[in-house]
Amino acid sequence: MKKSLLALAILGSLAGVAQAQSSVQIYGTVDAGFIKRTDQSMAIGKRANNTLGFKGTEDLGNGLKALFQLEIRYEPDTGTIEQGAGGIQRPLFQGQSRVGLQGGFGMVRLGRGLTAFQETSTQFEPFHGVPSPAGFQTDLTVAGYTSDPLGMIANSTNRFSNALFYNSPEIGGFQINTTVATKESNQGVAIIGRGTAAAPQYGPSAAASANPYSVSATYKNGPVAMMLAAERNAVESELWSIAGSVMATPALKLMASYTAQDQEHTRLLNPETDSWVVGANYTMGPGKVLIGYGQKTPDGIAKTKQFSIGYEYSLSKRTYLYFDASNKKSGITATNTINIKHYAVGVNHAF
Amino acid sequence: MKKSLLALAILGSLAGVAQAQSSVQIYGTVDAGFIKRTDQSMAIGKRANNTLGFKGTEDLGNGLKALFQLEIRYEPDTGTIEQGAGGIQRPLFQGQSRVGLQGGFGMVRLGRGLTAFQETSTQFEPFHGVPSPAGFQTDLTVAGYTSDPLGMIANSTNRFSNALFYNSPEIGGFQINTTVATKESNQGVAIIGRGTAAAPQYGPSAAASANPYSVSATYKNGPVAMMLAAERNAVESELWSIAGSVMATPALKLMASYTAQDQEHTRLLNPETDSWVVGANYTMGPGKVLIGYGQKTPDGIAKTKQFSIGYEYSLSKRTYLYFDASNKKSGITATNTINIKHYAVGVNHAF
Amino acid sequence: MKKSLLALAILGSLAGVAQAQSSVQIYGTVDAGFIKRTDQSMAIGKRANNTLGFKGTEDLGNGLKALFQLEIRYEPDTGTIEQGAGGIQRPLFQGQSRVGLQGGFGMVRLGRGLTAFQETSTQFEPFHGVPSPAGFQTDLTVAGYTSDPLGMIANSTNRFSNALFYNSPEIGGFQINTTVATKESNQGVAIIGRGTAAAPQYGPSAAASANPYSVSATYKNGPVAMMLAAERNAVESELWSIAGSVMATPALKLMASYTAQDQEHTRLLNPETDSWVVGANYTMGPGKVLIGYGQKTPDGIAKTKQFSIGYEYSLSKRTYLYFDASNKKSGITATNTINIKHYAVGVNHAF
């Protein structure tokens with residue numbers, strides 16, 4: 001059969017498949033373990049995010065590259081797409097979905113992914129950003145801030161949809177990362193804010209009242225790394241953060257971060273929240289100890305205080321076992337707190 | 001460990017994996033850009049469909065091949081599976097899901113995919129069938145026709161589910177493509193048609209009242225290509241179409257199409273719609289100019305008139321930048337129209 | 001561009017991708033055919049499950065391996081994720097989502113997959129466990145039992161979520177397979193059971209009242225294979241099963257199974273169900289004949305009786321055509337039955 005019109009039609013949309021083949025990388029992680037919390041029965045669940053991704057780069061010549069990355073997120077204990085609050089499924093490519101160009105000017109991408117602040121800050125968190133309650137990233141490192149308050153219900157809180165991502169090259173140890181989103185609506189639920197239930201400040205499927213943006217600047221000099229970051233979301237909550245780390249010895253990394261959030265645009269009372277986290281990672285042969293302590297001070301409610309210790313034992317470069325123990329006291333009212341202990345043991349396998 | 005019963009059970013369902021490995025191709029496209037419409041704020045979105053596909057062929061000997069293709073469609077700006085009206089997610093393999101055999105007799109496939117008409121007609125559309133409002137395919141080329149009126153809500157309008165697809169070999173420049181679907185119900189919503197809200201012509205989850213079919217015949221002779229097509233959907237709307245193209249010079253492709261739809265089976269008033277589109281593609285080195293003009297005449301409403309110009313600049317065989325500008329006047333009533341300008345700039349990367 | 005902090009952040013989560021690449025296998029099946037039942041119009045659908053999977057193993061040294069498997073299930077006739085009752089979509093990785101370790105001790109995995117009984121029993125079913133009504137697995141082989149009564153609505157009935165899977169090595173022809181699940185809730189619907197509509201025995205999103213478990217023991221000796229299995233689900237329905245097969249000649253496999261279910265924990269009346277199935281597979285060159293007969297005796301309702309014959313013709317090791325004919329009489333009341341004939345012809349392609 002010669003190449004017919006229809007065959008050309010089918011092939012047309014796939015131009016370059018033959019060349020492209022070698023460049024699509026499939027990667028991912030599977031993380032599952034036993035989890036015991038003081039207030040819940042034994043469960044099987046995750047410590048880190050579970051991913052199945054597809055990515056590639058194409059050399060365009062003259063140092064220019066095209067690149068894309070699509071990352072599925074899922075729950076291995078139930079087989080579903082990653083779930084948010086109430087078991088609601090998040091987007092298929094919850095991890096990220098971006099396309100862009102890279103060259104001497106840095107990297108420009110369009111799509112959806114972690115904001116500059118959210119992505120950079122994981123480098124200064126003692127549990128390298130895992131969403132487990134044993135880690136600090138999700139609650140304390142970000143001072144309770146959410147990057148996407150107008151996104152679809154139960155969606156991720158640390159990403160921008162409809163965004164332009166720019167990462168500068170690193171010059172003299174300095175690098176700038178920025179994320180700017182459009183004001184587009186994304187089928188979000190209403191936010192009462194300074195309005196009323198009848199007339200919420202942001203109605204259902206509201207558009208952003210200002211362009212959300214996120215900036216992180218980093219500096220690296222030998223064993224020292226630092227970050228300064230600022231972000232504003234679609235309902236004009238503002239955040240700034242400073243963090244640093246130092247390799248005190250080749251085996252010991254010390255780190256600290258401070259973050260402040262201002263929700264004045266949507267809150268009359270208690271608009272200020274701040275938090276700090278200190279931690280250490282100590283490597284001993286195939287094992288690594290993770291230790292952290294942090295506090296969050298929401299204006300008007302008792303402080304959150306968390307202490308966590310973890311141990312990761314590498315079976316290979318791609319596979320490790322982990323053991324976590326954590327104690328967290330969270331404020332409910334100005335004087336009342338709730339105390340939850342969290343234990344986990346499991347396996348993390350990258351492919 | 002010897003191969004146990006259970007191991008055999010597990011392996012049994014994957015027979016031939018070892019041989020199969022080399023034959024699975026991963027392919028796709030990521031398309032994202034900035035979009036500005038006269039009636040909306042700046043947005044980030046797509047111009048072309050975004051795909052992530054898996055396909056393969058197996059040589060069965062004697063010129064016979066088995067083949068399959070599974071194609072995910074998604075939205076890179078939000079990371080979700082492709083969304084239809086109201087943000088409702090379409091099927092995971094919205095692109096297509098088909099399995100079949102190919103040989104001297106042509107190609108036979110079962111599953112879900114574009115109908116013969118919908119697939120062939122993109123060859124005669126000046127924006128090669130992209131769903132962007134700058135293109136003509138979605139609205140004008142098909143004269144407002146939908147191939148799947150009884151499909152799930154917000155589903156694609158140019159595919160058949162539960163269908164048999166046959167493409168003949170090309171003989172003397174001629175080829176015939178046919179698609180026939182069963183009458184099975186697909187959880188669709190009710191269509192009032194010539195009935196009433198209380199007694200709709202097609203109730204919820206209605207079966208087709210006749211087998212949907214689609215036929216396209218093509219003829220290719222040197223620089224000339226032509227198409228003649230007819231289709232009938234599950235509620236017996238009928239369509240026919242004629243189209244042609246000519247490579248006037250090696251760099252200049254001229255094309256035109258005419259399509260008529262008859263919805264007499266479900267409409268008392270104004271059952272006739274027809275449309276025509278003319279266009280040109282002009283290639284200049286790595287750049288290509290796309291120009292088109294078209295009109296749609298729905299009986300009883302003012303004409304739709306659209307003019308679009310686009311420019312595609314190839315960075316490689318797999319990656320191009322695009323710039324579109326379009327002006328569309330659509331009829332609302334017999335005398336009133338609405339005018340929308342559409343601008344887009346973005347990148348399309350195939351992998 | 002040197003590796004910046006952010007680049008390290010991005011790369012960090014993908015550690016080992018380079019080494020991993022070679023180990024991810026993509027595999028799957030596409031099965032589609034024409035189906036005619038006495039009580040329905042001609043349809044296009046599946047006979048076997050349709051899968052698209054990703055799996056891999058990593059050699060950790062000393063005979064130890066890490067392994068993972070993620071298996072998408074879908075419907076090729078409509079392009080959707082696999083659908084349960086009412087067209088409701090099941091989890092993305094409906095096939096399985098598991099990670100674990102394998103060594104001299106056997107195989108340990110965490111996640112979601114077929115229970116030990118459900119997986120082993122397919123080896124003794126004349127249609128090798130296909131979900132088609134022509135097969136016996138889904139209804140008769142399991143005596144109407146469901147492994148996951150508290151799972152999400154329309155979910156699979158033969159899997160455990162939140163489970164630990166252990167398969168022993170085969171020693172002297174013996175092997176033990178076990179699955180144990182936590183009591184975690186999975187957003188299931190209420191089960192009235194021995195309660196009332198107002199006070200169901202298991203409320204919405206109920207936790208299991210006991211840890212679900214499944215055990216299958218197998219013995220293999222030359223042409224003979226045997227299975228003994230027991231299982232208890234989250235609402236304490238209990239099942240036990242015995243099955244055996246023998247290769248009477250190199251081309252003829254004979255098999256039989258008996259299964260009993262006790263639903264006393266949730267039913268006052270008629271808690272007992274038992275079933276038996278006998279069958280044969282006969283191979284002739286590229287063709288294989290499948291024959292089976294079985295009965296199910298639910299206490300208080302007329303017996304279910306099913307006879308099925310199938311023929312599979314291999315075009316290659318990965319692709320076969322199939323032809324099925326089946327007659328099933330099912331009890332509606334103590335004396336009334338309904339009789340359904342089922343015919344199918346289609347193609348199954350593994351990749």
| note | For Q187(C) and G87(A) the tightest heavy-atom approach is NE2-CA, 3.8 Å
| task | Rounded to the nearest 0.5 Å, what's the gap from CG on L60(C) to CZ on R318(A)? Could you check? | result | 8.5 Å
| said: Distance check, rounded to the nearest 0.5 Å: Y27(A) atom OH versus F54(C) atom CZ? | reply: 12.5 Å
| task | Measure across T80(A) and P91(C) and return the closest heavy-atom pair with its distance rounded to 0.1 Å. | result | CG2-CB, 3.7 Å
| field | Region of E82(A) that comes under 4.5 Å of a non-hydrogen atom in chain C | value | neither
| said: Let me confirm one number: the NZ-CD distance from K183(C) to Q40(A), rounded to the nearest 0.5 Å. | reply: 14.5 Å
| task | Side chain from CB out, backbone as N, CA, C, O: work out which of these in L92(A) comes under 4.5 Å of a heavy atom of chain C, or both, or neither. | result | side chain
| field | Portion of L101(C) that has a non-hydrogen atom of chain A nearer than 4.5 angstrom | value | side chain
| Spacing of I81(A) atom CD1 and Q89(C) atom CD [to the nearest 0.5 Å] | 8.5 Å
| request: Could you look at E75(A) and say if it's the side chain, the backbone, both or neither that has a heavy atom under 4.5 Å from chain C? | output: backbone
| request: May I ask you to check whether over 12 heavy atoms, not counting those of I88(C), lie within 6.0 Å of atom CD1? | output: yes
| message | Surrounding CG of N62(A) (heavy atoms of other residues, nucleotides or ligands, distance under 6.0 Å), is the total greater than 12? | response | no
| task | Anything under 30° is parallel, anything over 60° is perpendicular, the rest tilted; go ahead and classify F68(C) against H349(A). | result | tilted
| side chain to side chain contact (heavy atoms under 4.5 Å, CB included) between F34(A) and L164(C): does it pass, once the steps are laid out? | CA-CA 10 Å; F34(A) 295 92; L164(C) 173 73; 4.2 Å; yes
| request: To the nearest 0.5 Å, tell me how far R112(C) CZ sits from I44(A) CD1. | output: 13.0 Å
| query | Which of these passes side-chain contact (heavy atoms from CB on, under 4.5 Å) with F351(A): L67(C), T57(C), L70(C)? | reply | L70(C)
| task | Might you work through the side chain to side chain contact (heavy atoms under 4.5 Å, CB included) test for L52(A) and F93(C), ending with a clear yes or no? | result | CA-CA 11 Å; L52(A) 170 62; F93(C) 295 114; 3.9 Å; yes
| message | Can you confirm whether D77(A) sits close enough to S161(C) that some side-chain heavy atom of one is under 4.5 Å from a side-chain heavy atom of the other? | response | no
| Between V99(C) and D31(A), is a side chain to side chain contact (heavy atoms under 4.5 Å, CB included) present by the stated rule, with each step listed? | CA-CA 7 Å; V99(C) 59; D31(A) 182 303; over 6 Å; no
| For atom CZ of F323(A), is the number of surrounding heavy atoms from other residues, nucleotides or ligands below 6.0 Å larger than 12? | yes
| Options S97(C), A66(C), A163(C), ranked by heavy-atom pairs under 4.5 Å with chain A, top entry | S97(C)
| task | Sort L114(A) into side chain, backbone, both or neither according to what part of it lies under 4.5 angstrom from a heavy atom of chain C. | result | neither
| query | Atom NZ of K46(A) and atom CG of L110(C): how far apart are they, to the nearest 0.5 Å? | reply | 15.0 Å
| query | Just by distance, with hydrogens left out, do E58(C) and S316(A) show a side-chain donor and acceptor under 3.5 Å apart? | reply | yes
